[in-house]
Amino acid sequence: MPDLYIHNSYTRKKEKFEPLTPGHVGLYVCGPTVSGESHLGHARPYITFDLVTRYLKHIGYKVRYVRNITDAGHFEEEGREAVDKVDVKAKLEKLEPMELVQKYTNLFHKGMYLFNCEDPTIEPTATGHIIEQINMIEDIIAKGYAYEVNGSVYFDVKKYAQHYPYGKLSGRVLEDLLETTRDLDGQDEKRNKVDFALWKKAPPEHIMRWKSPWGEGFPGWHIECSAMSSKYLGETFDIHGGGMDLLFPHHESEIAQSTIAHGHPPVRYWMHNNMITINGKKMGKSYNNVIKLSELFSGNHPMLEQAYHPMVIRFYILQTHYRSTLDFSNEALQASEKALRRLWEAYEVLQKLNVGTNSTPSDAALDGQVRKWCAECEEFMCDDLNTAKVIANLFELAPVINGIKGGQIKADAISASTYQLLKDTFKTWLEDVLGMKPLAVQQSNKLDQALQVLIDIRKEARARKDFATSDQVRNKLAEAGILLKDEKDGSVSYTIE
RNA sequence: GGUCGCGUAGCCGAGUGGCUAGGCAAAGGUCUGCAAAACCUUCUACAGCGGUUCGAAUCCGCUCGCGACCUCCA
C-alpha cells in the first residue's frame, strides 16, 4: 500500500494518511439538502469524494463511506412560498415535506448515477435520526455546554472557547465574531450571538416538527452530521469531507458539539473541495447564478451553448485539482469534451492494438518513458489526489498508442510487458479511479449491421472511384451524427455522437 | 472591517527554487481520391515593483486586481 498524503484543512498541511484501524477508512461527507435540485456546484464534492473512495479502495482500503441526506429543516417547494401552509384545508393541497424530499432525493440519486459516482455505503437521513440528535443534545446540556431558552436549545460557544480551540478549523477568532453586527433570527434568545442552535422551537407554520424534551421543534443546522457520523463511524473517525463553504460555521460547530459530547475531537483529517465559480463568482442560490444538473445535461439554460454529457462534467472537474477554484465556461466544458473524447478513443484503440510478444523493446528509450509515465500516476494520486497530473500523463501516453496504431511508432517499440502495463494503467486510472465511462451509447448489433451495409456500399463506390456516391453516404451519415473514418489498413470505423 | 486564498501563455488549467505539465484553440507539415481522425513541428507564460539567492513563476515585503468565509450555502 503506497503512502497517501492528503491536505488536512485542520492543520493546513499535507499529512501522511494513517487510518485509525489498519486497512479500514471511515469517511463522512456532507450530503445534499433535498429541498431543491442539485446544481453544478454541488457536483464537485460528490465527484471529488467519489474519487477519494475509489482511490482509497484502489490502494487496498476497505472504506465505509457515509453521506447523509439533509431532509429536515425549513422546507418549501419552489414557487410555492406564497401558499399559506396553515390555511390550506385539503390534504392534497398542502405541502407535504416528504413528497418534496422524495422528489429531490430521487433527482439527486439520478445525478449521482449519471456521474458514475458509486453509492455511499450508508446514506442516513436527518429525519431518520431525530432520536440520536436529541440524545446528543441532552448530553451536551448535561455537560453544561448548552442551554434551553423558550423551547430552543443553543450551544454555548463562549464557554466552549474558554476550554477548547474554537475557530481553529476555519481560522476564526471568537472576539471578531462577537463584534460582528448582524441581526439573526433568535438572536435575543442567545446568550451570545456566536451561539448556534442545537434545537429550534417550531413556529406554528413550520411544517416539519418533532416532539422533544423542549417541546415541538426541529434539529439545528449542524447536529445531524455529528449524530450520524458518530453513530456509523465512531466518536473519532478518519476523514470528513465537504465543500469549503462549510468550514464555517457548519464544520466548526460539528467539532464543538462532538468535542463536548465525546470528550475529544471527532475527525482526524478534514478535506475540503474548492468552489465552482461562474464569471468569477461562486455558483450559489444566493448569487442567482446556478445551473442545475438537469439543465446542464439538456443544455436548456440561457448560459449554456449546448448540452453537456455527465462524463464531460466529471472529467472537467477532475482536470483541476480539487482544492482550486474551477471557473465554469462553455469554452472550458467544450475543451473538456474534446479532450475526453480523444483520451477515450485512445483507450479503445489501446485495447485492440496488435502488439508483438517481444520481451525486449526495439525502442528502449520510449519503452522506459512509457513505463515512467505509467508509474507516475500512482505518485501523483498519493500527493493529495492530483488528478490533473494523472490526466496529463494519460495524454502523454495517448500519442504512443495512436502512433503504434498509425504506424508512426513500430509495434515492437515497446515490450509486451510494457504494453500490458499501458493497458493496466488506462484501466486502473481512467476507468477505475477517475471513474470515466464512454460518452457514446452502446450500439445494438442490428444498428452495427445496418451501418456495415452502408459502409460496404461506400467501399464499393470508392473502388469504382465513384466518389459522388461514397461522399454522399459519408456526408449523410455525418449529418445524422455518425462519423466514418477510413483507417490506414483499409478498414472503416465509425463513431456515433 | 476581520480571517483566508488566488492572480500562469488566445482560453482552461498543473507546478518542484535551477531540468521550462497537460488540454482546447491557432499555424505549418505527413498521411488521404477528398474528408475526418491520427502523427510530427511551431506558438515559452507566470499581475506590478522591490528584496533574499549563483539562480525564483516558485521564498520574503509592498502595491494593484479578484474571490471565499464571517448569514442558509457543495
Side-chain angles (χ1 to χ4, degrees), chain A residues 9 12 29-33 35-36 38-49 70 73-74 167 170-173 175-177 179-185 194 221 241-250 252 272-277 280-287 290 315-316 319-321 323-343 345-346 349 376 380 383 386-396 398-409 462 465-467 470-471 474-475 478 483-488 493-495:
Chain A
S9 310
R12 290 154 206 238
V29 174
C30 290
T33 301
S35 61
S38 300
H39 63 251
L40 175 60
H42 295 123
R44 174 108 102 143
Y46 306 128
I47 289 173
T48 298
F49 289 101
T70 298
H74 188 57
S170 56
R172 226 51 41 142
V173 181
E175 285 68 39
D176 295 343
L177 290 170
E179 281 169 23
T180 315
T181 52
R182 211 153 220 164
D183 284 328
L184 292 170
D185 191 35
V194 288
W221 316 318
M244 271 183 185
D245 50 354
L246 296 180
L247 274 165
F248 190 89
H250 188 56
E252 199 71 69
H272 291 93
N273 62 275
N274 215 317
M275 301 292 101
I276 288 183
T277 59
K281 281 249 189 302
K282 174 184 164 185
M283 186 178 282
K285 230 176 182 174
S286 39
Y287 294 99
V290 300
F315 191 71
Y316 155 77
Q319 264 182 307
T320 305
H321 187 87
R323 285 192 295 110
S324 300
T325 52
L326 172 56
D327 198 53
F328 165 88
S329 70
N330 281 283
E331 222 182 343
L333 243 8
Q334 283 158 11
S336 288
E337 180 174 332
K338 286 190 182 173
L340 175 58
R341 280 222 151 83
R342 193 165 113 77
L343 203 52
E345 274 178 37
V349 166
E376 280 173 342
F380 295 156
D383 185 14
N386 200 326
T387 52
K389 281 185 147 189
V390 171
I391 290 171
N393 267 32
L394 295 179
F395 272 111
E396 296 281 13
V400 177
I401 295 163
N402 290 325
I404 291 173
K405 184 201 176 199
Q408 294 92 344
I409 297 170
R462 289 183 69 205
K465 298 215 188 304
D466 176 8
F467 296 121
S470 70
D471 287 351
R474 191 179 61 200
N475 294 338
L483 299 175
L484 297 188
K485 276 194 247 175
D486 294 325
E487 301 291 352
K488 269 222 159 106
S493 65
Y494 62 85
T495 52

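It should be emphasised that the depicted structure is a prediction, and the values quoted were computed from it without experimental measurement. In what follows, chains carry the letters A, B, and so on, assigned in the order in which the sequence lines appear, proteins first and then strands, with residues in each chain numbered from 1.
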Undergrad: What is the distance, rounded to the nearest whole Å, between atom CD of E487(A) and atom C1' of G33(B)?
TA: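 Result: 17 Å.
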Undergrad: Base, sugar-phosphate, or nothing: which does M244(A) touch, judged by heavy atoms less than 4.0 Å apart?
TA: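 No contact.
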Undergrad: Using a 4.0 Å heavy-atom cut-off, does G41(A) contact any base of the nucleic acid, only the sugar-phosphate backbone, or nothing at all?
TA: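 Base contact.
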Undergrad: Nearest of G33(B), C73(B), C39(B) to any side-chain atom of S470(A)?
TA: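 Nearest to the side-chain atoms of S470(A), counting from C-beta on, is G33(B).
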Undergrad: At under 4.0 Å, does any side-chain N or O of K281(A) touch on OP1 or OP2 of G67(B)?
TA: yes
Undergrad: Once you apply a heavy-atom cut-off of 4.0 Å, does A392(A) come out as touching a base, just sugar-phosphate, or nothing?
TA: base
Undergrad: Rounding to a whole Å, what distance do you find between I276(A):CD1 and G13(B):C1'?
TA: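 In whole Å, G13(B) C1' and I276(A) CD1 are 14 Å from each other.
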Undergrad: Considering only NZ, NE, NH1 and NH2 on the basic side and carboxylate oxygens on the acidic side, decide whether R462(A) and D486(A) come within less than 4.0 Å.
TA: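 Yes, this pair counts.
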Undergrad: Taking the C1' atom of each, how far is C24(B) from G1(B), in whole Å?
TA: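 Looking at atom C1' only, C24(B) and G1(B) are 42 Å apart.
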Undergrad: Could you please name the partner base of C31(B), counting Watson-Crick and G-U wobble pairs only when both distances are under 3.5 Å?
TA: none
Undergrad: Roughly how many Å apart are G15(B) and G2(B), using the C1' atom of each and rounding to a whole number?
TA: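 Going atom to atom, C1' in each nucleotide, I get 32 Å.
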Undergrad: Is any side-chain N or O of T33(A) closer than 4.0 Å to OP1 or OP2 of C73(B)?
TA: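 No, T33(A) has no side-chain N/O under 4.0 Å of OP1/OP2 on C73(B).
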Undergrad: Looking at K405(A) and E487(A), is there a salt bridge between them, counting it only when a charged N and a carboxylate O are closer than 4.0 Å?
TA: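 A salt bridge is present here (some side-chain N lies under 4.0 Å from a carboxylate O).
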Undergrad: Once rounded to the nearest 0.5 Å, what's the spacing between atom CG of D466(A) and atom CG of D471(A)?
TA: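 Rounded to the nearest 0.5 Å, the CG-CG separation comes to 9.0 Å.
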Undergrad: Check every strand shown and say whether S286(A) touches a base, only sugar-phosphate, or nothing at a heavy-atom separation below 4.0 Å.
TA: base
Undergrad: Between E345(A) and G284(A), name the one whose nearest nucleotide on RNA chain B is closer to the 5' end.
TA: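 The 5'-side residue here is E345(A).
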Undergrad: With a non-hydrogen cut-off below 4.0 angstrom, is T277(A) in contact with a base, only sugar-phosphate, or nothing?
TA: nothing
Undergrad: Does the side-chain ring of Y46(A) sit on the six-membered ring of the A74(B) base, less than 5.5 Å centre to centre and under 30° in tilt?
TA: no
Undergrad: Considering just the side-chain nitrogens and oxygens of K282(A), establish if one lies under 4.0 Å of OP1 or OP2 belonging to C69(B).
TA: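 It does, given that an N or O in the side chain of K282(A) lies less than 4.0 Å from OP1 or OP2 of C69(B).
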Undergrad: Atom CG of N402(A) and atom P of A36(B): how far apart are they, to the nearest Å?
TA: 17 Å
Undergrad: Has the side chain of D486(A) got a donor or acceptor that lies under 3.5 Å from a partner of the other kind on the base of C34(B)?
TA: yes
Undergrad: Taking pairing as Watson-Crick or G-U wobble with both contacts under 3.5 Å, can you name the mate of G7(B), or confirm there isn't one?
TA: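 Across all strands, the one nucleotide that pairs with G7(B) is C64(B).
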Undergrad: Using the P atom as the reference point in each nucleotide, state the distance between A37(B) and C4(B) in Å, no decimals.
TA: 50 Å
Undergrad: Please determine if a side-chain N or O atom of K485(A) lies less than 4.0 Å away from the OP1 or OP2 oxygen of A35(B).
TA: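 Negative; the distance criterion is not met.
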Undergrad: Rounded to whole Å, please give me the gap between CG in N393(A) and P in G15(B).
TA: 14 Å
Undergrad: Could you go through F248(A) and H250(A), starting from their C-alpha distance and side-chain angles, then the distance that decides it, and tell me whether this counts as side-chain contact (heavy atoms from CB on, under 4.5 Å)?
TA: CA-CA 5 Å; F248(A) 190 89; H250(A) 188 56; over 6 Å; no
Undergrad: Distance between the C1' atoms of A68(B) and U30(B), in whole angstroms?
TA: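 About 50 Å, rounded to a whole number of Å.
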Undergrad: Using a 4.5 Å cut-off on heavy atoms from C-beta on, say whether the side chain of E345(A) contacts that of K485(A).
TA: yes
Undergrad: Is the phosphate of A68(B), meaning OP1 or OP2, less than 4.0 Å from a side-chain N or O of Y287(A)?
TA: yes
Undergrad: When the C1' atoms of A56(B) and G17(B) are compared, how many Å lie between them, rounded to an integer?
TA: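 Approximately 6 Å lies between the C1' atom of G17(B) and that of A56(B).
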Undergrad: For a quick check of understanding: with a heavy-atom distance under 4.0 Å over all strands, which category does L247(A) fall into, base, sugar-phosphate or nothing?
TA: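 Nothing, no nucleic acid heavy atom in range.
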Undergrad: Please measure how far the P atom in A38(B) lies from the corresponding atom in G51(B), and state the result in whole Å.
TA: 49 Å
Undergrad: Is there side-chain contact between P32(A) and H42(A), with heavy atoms separated by less than 4.5 Å?
TA: no
Undergrad: Using a heavy-atom cut-off of 4.0 Å across all strands, would you classify L343(A) as base, sugar-phosphate, or nothing?
TA: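 The residue L343(A) makes no contact with any strand.
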Undergrad: If you measure from the P atom in A9(B) to the same atom in C62(B), how many Å do you get, rounded?
TA: 25 Å
Undergrad: Taking CG from D245(A) and C1' from G67(B), how many angstroms apart are they, rounded to a whole number?
TA: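 Taking CG of D245(A) and C1' of G67(B), I get 13 Å after rounding.
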Undergrad: Using a cut-off of 4.0 Å on non-hydrogen atoms, how would the nucleic acid contact of E396(A) be classed: base, sugar-phosphate, or nothing?
TA: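 Answer is sugar-phosphate: E396(A) comes under 4.0 Å of backbone atoms only.
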Undergrad: Confirm from the modelled atom types if R474(A) and A35(B) form a donor-acceptor pair under 3.5 Å, side chain to base only.
TA: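 Donor-acceptor pair under 3.5 Å: yes.
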Undergrad: side-chain contact (heavy atoms from CB on, under 4.5 Å) for T325(A) and M244(A)? Distances and angles first, verdict last.
TA: CA-CA 10 Å; T325(A) 52; M244(A) 271 183 185; over 6 Å; no
Undergrad: Once you apply a heavy-atom cut-off of 4.0 Å, does L484(A) come out as touching a base, just sugar-phosphate, or nothing?
TA: base
Undergrad: On RNA chain B, does the nearest nucleotide to P32(A) precede the nearest nucleotide to L483(A) from the 5' side, or the other way round? Give the residue.
TA: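 That would be L483(A).
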Undergrad: Provide the distance between the two C1' atoms, one in C12(B) and one in A25(B), to the nearest whole Å.
TA: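 That atom pair is separated by 11 Å.
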Undergrad: Is there a donor N/O on one and an acceptor N/O on the other, under 3.5 Å, for the side chain of R462(A) and the base of G33(B)?
TA: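 Flag set: donor-acceptor pair detected.
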Undergrad: If you compare every side-chain N and O of R342(A) against the phosphate oxygens of G23(B) (OP1, OP2), does one of them come in below 4.0 Å?
TA: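 Yes, R342(A) has a side-chain N/O under 4.0 Å of OP1/OP2 on G23(B).
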Undergrad: I need the CD1-C1' distance between I391(A) and G23(B), as an integer number of Å.
TA: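 That distance rounds to 9 Å.
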Undergrad: Identify the nucleotide, in any strand shown, that forms a Watson-Crick or G-U wobble pair with G1(B), with both distances under 3.5 Å; if there is none, say none.
TA: C70(B)
Undergrad: With a non-hydrogen cut-off below 4.0 angstrom, is H42(A) in contact with a base, only sugar-phosphate, or nothing?
TA: base
Undergrad: For a quick check of understanding: with a heavy-atom distance under 4.0 Å over all strands, which category does F467(A) fall into, base, sugar-phosphate or nothing?
TA: base
Undergrad: Taking side chain as C-beta onward, heavy atoms only, is M275(A) less than 4.5 Å from M283(A)?
TA: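 Counting from C-beta outward, M275(A) and M283(A) never come under 4.5 Å.
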Undergrad: Going by purine N1 to pyrimidine N3 plus the second Watson-Crick contact, or the G-U wobble pair, all under 3.5 Å, which nucleotide sits opposite C19(B)?
TA: none
Undergrad: So does N386(A) get a side-chain nitrogen or oxygen closer than 4.0 Å to the phosphate oxygens (OP1/OP2) of G15(B)?
TA: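 For G15(B), OP1/OP2 do have a side-chain N/O of N386(A) under 4.0 Å.
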Undergrad: Regarding G13(B), can its base be found pairing with the side chain of D327(A) as donor and acceptor, where the two atoms are less than 3.5 Å apart?
TA: no
